[in-house]
Number of protein chains: 2
Amino acid sequence: MKINEIKNKLVDKGLKVTPQRISILEAIIKLNNHPTAENIIDYIRKNQPNIATATVYKVLDALVENELIRKVKTDRDFMRYDAIMENHHHLYCSVSDRIEDYHDDELNDLLEKYFESKGIPDFKIEDIKLQIIGRFMKSKK
Amino acid sequence: MKINEIKNKLVDKGLKVTPQRISILEAIIKLNNHPTAENIIDYIRKNQPNIATATVYKVLDALVENELIRKVKTDRDFMRYDAIMENHHHLYCSVSDRIEDYHDDELNDLLEKYFESKGIPDFKIEDIKLQIIGRFMKSKK
DNA sequence: AACTTAAAGTAGAATAATTCTCTTCTAATA
DNA sequence: TATTAGAAGAGAATTATTCTACTTTAAGTT
Ligand SMILES: [Mn+2]
Ligand SMILES: [Mn+2]
Ligand SMILES: [Zn+2]
Ligand SMILES: [Zn+2]
């Protein structure tokens with residue numbers, strides 16, 4: 001992902017293009033592992049040591065608000081972020097904090113058809129995500 | 001759920017039976033809406049005004065550890081708890097913090113068969129939960 | 001290119017959910 | 001009833017995140 005693509009994402013949402021916003025969005029894309037705010041701060045400060053903590057939190061909120069990133073649900077007390085906006089599911093390690101993406105269009109179709117015919121009483125489905133909990137058999141490359 | 005059933009759950013796990021543990025487990029069962037620690041504390045203090053905050057947090061940890069309750073994954077920064085241990089999924093309201101249970105054995109079978117034949121490379125599935133995000137069409141009774 | 005200004009960034013203090021420390025109490029067993 | 005390991009309690013500490021009160025800047029306007 002080139003810097004210009006990132007700039008365009010911001011412009012398309014009517015957000016001012018700032019070096020901080022570019023760095024933060026770039027960090028989430030490059031880290032590509034559902035980083036925490038702290039992970040993002042550490043990564044950015046290697047090149048941009050003066051970015052303020054509050055800036056990172058505020059930019060993260062703005063990016064979530066404008067649907068350029070998403071929060072990832074966990075059962076830990078720090079937030080994690082995801083720059084992949086297309087529909088996908090997550091593999092959660094049951095013994096560590098590792099979270100990986102799981103893309104599966106066949107599964108999405110299956111679920112869509114299942115709920116289309118079955119439905120849920122008094123509930124209008126907007127989105128379905130799987131939390132697939134288990135063990136990774138290989139450590140990350 | 002009678003008090004004796006709750007006591008037995010504790011005894012079965014080798015946990016000492018204390019009034020605090022009974023109250024906390026009972027609160028999560030009765031509230032039945034994936035309460036936060038604060039919800040639990042408020043509920044219990046109506047009858048037991050002196051229970052310490054730290055006790056509630058410590059008991060919650062012990063109950064999770066002993067698989068009498070579970071944490072519920074959210075994208076908010078306070079934990080929520082669930083006393084229903086049988087396999088089920090969750091309906092998340094997209095505009096409020098409401099979380100409701102969704103039980104569906106047909107769906108569980110479908111998913112089990114799907115992943116049995118398909119599998120996920122380098123990953124051993126232990127559990128699959130759906131986060132079904134959307135709108136409730138009726139407020140809670 | 002300089003001017004304007006609403007929006008964004010910053011430092012540090014504040015907040016709030018949770019955890020820790022240390023003391024007192026009690027459930028379970030003998 | 002006496003013993004004691006484990007649990008509860010009070011309040012301080014911690015820590016992820018948010019707020020406050022500025023200063024700075026992106027981007028449109030002249
Ligand atoms: Mn969380
Ligand atoms: Mn917190
Ligand atoms: Zn993802
Ligand atoms: Zn539940």
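Chain letters run A, B, ... following the sequence lines, proteins first and then strands; every chain starts at 1.
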### Task
Would you kindly give the NZ-to-P distance between A:Lys71 and D:dT17, to the nearest whole Å?
9 Å

### Task
Quickly work out the A:Arg21 CZ to C:dT10 C1' distance and round it to whole Å.
14 Å

### Query
D:dA16 C1' sits how many Å from A:Asp75 CG, rounded?
16 Å

### Task
In whole angstrom, give the distance that lies between atom NZ of B:Lys7 and atom P of C:dA27.
10 Å

### Query
Are A:Ile28 and A:Tyr57 connected in the hydrophobic side-chain network, where two residues link if heavy atoms are under 4.5 Å apart?
no

### Message
At less than 3.5 Å, do the side-chain atoms of B:Lys58 and the base atoms of D:dG9 form a donor-acceptor pair?
### Response
yes

### Query
For the side chain of A:Thr55, counting heavy atoms from C-beta on, which of D:dA8, C:dG9, D:dT17 is nearest?
C:dG9

### Query
To the nearest angstrom, how far is A:Leu10 atom CG from D:dA27 atom P?
9 Å

#### Entry: Length of the CG-P vector between A:Asp77 and D:dT18, whole Å
12 Å

### Query
Hey, what bend do you get for the helix from C:dA1-D:dT30 to C:dA30-D:dT1 if you fit axes on five pairs at each end, rounded to 10°?
40°

### Message
Please determine whether a side-chain nitrogen or oxygen atom of B:Gln20 lies at a distance below 4.0 Å from atom OP1 or OP2 of D:dG9.
### Response
yes

#### Entry: Closest to the A:Lys16 side chain, choosing from D:dG9, C:dA28, D:dA26
D:dA26

### Query
With a cut-off of 6.0 Å (strictly less than), are more than 12 heavy atoms of other residues, nucleotides or ligands near NZ of A:Lys9?
no

## Note on the structure
Judged by nearest nucleotide, the residue sitting upstream toward the 5' end of DNA chain D, B:Val59 or A:Tyr57, is B:Val59

### Task
Using a heavy-atom cut-off of under 4.0 Å over every strand shown, decide if B:Ala37 touches base, sugar-phosphate, or nothing.
sugar-phosphate

#### Entry: Salt-bridge contact A:Arg80-A:Asp82 (side-chain N to carboxylate O under 4.0 Å)
no

### Message
Please pick, from C:dT10, C:dT18, D:dA26, the nucleotide with the shortest atom-to-atom distance to any side-chain atom of B:Phe78.
### Response
C:dT18

### Query
Side chain of A:Ala52: nearest nucleotide among C:dT10, D:dT17, C:dT18?
C:dT10

### Task
Give the ring-plane orientation class for B:His89 versus B:Tyr102, where under 30° counts as parallel, over 60° as perpendicular and anything between as tilted.
tilted

### DNA chain C: 5'-proximal contact among B:Glu38 and B:Val11 (nearest heavy atom)
B:Glu38

### Task
Flag yes if more than 12 heavy atoms outside B:Lys138 fall under 6.0 Å of its NZ atom; otherwise flag no.
no

### Task
Return yes when atom CD of B:Glu65 has more than 12 non-hydrogen atoms of other residues, nucleotides or ligands closer than 6.0 Å, and no otherwise.
no

### Message
Does this structure show an ion pair linking B:Lys2 with B:Glu5, if we count only N-O contacts that are shorter than 4.0 Å?
### Response
yes

### Summary
Between A:Asp61 and A:Thr18, whichever has its closest DNA chain D nucleotide further toward 5' is A:Asp61

### Rounded distance (Å) that lies between atom C1' of D:dA8 and atom CD1 of B:Ile40
17 Å

### Query
Roughly how many Å is it from CD1 in B:Ile24 to C1' in D:dA8, rounded to a whole number?
10 Å

### Message
Taking the six-membered ring of B:Phe136 as reference, does the cationic atom of B:Arg98 (NZ for Lys, CZ for Arg) lie under 6.0 Å from its centre and within 45° of its axis?
### Response
yes

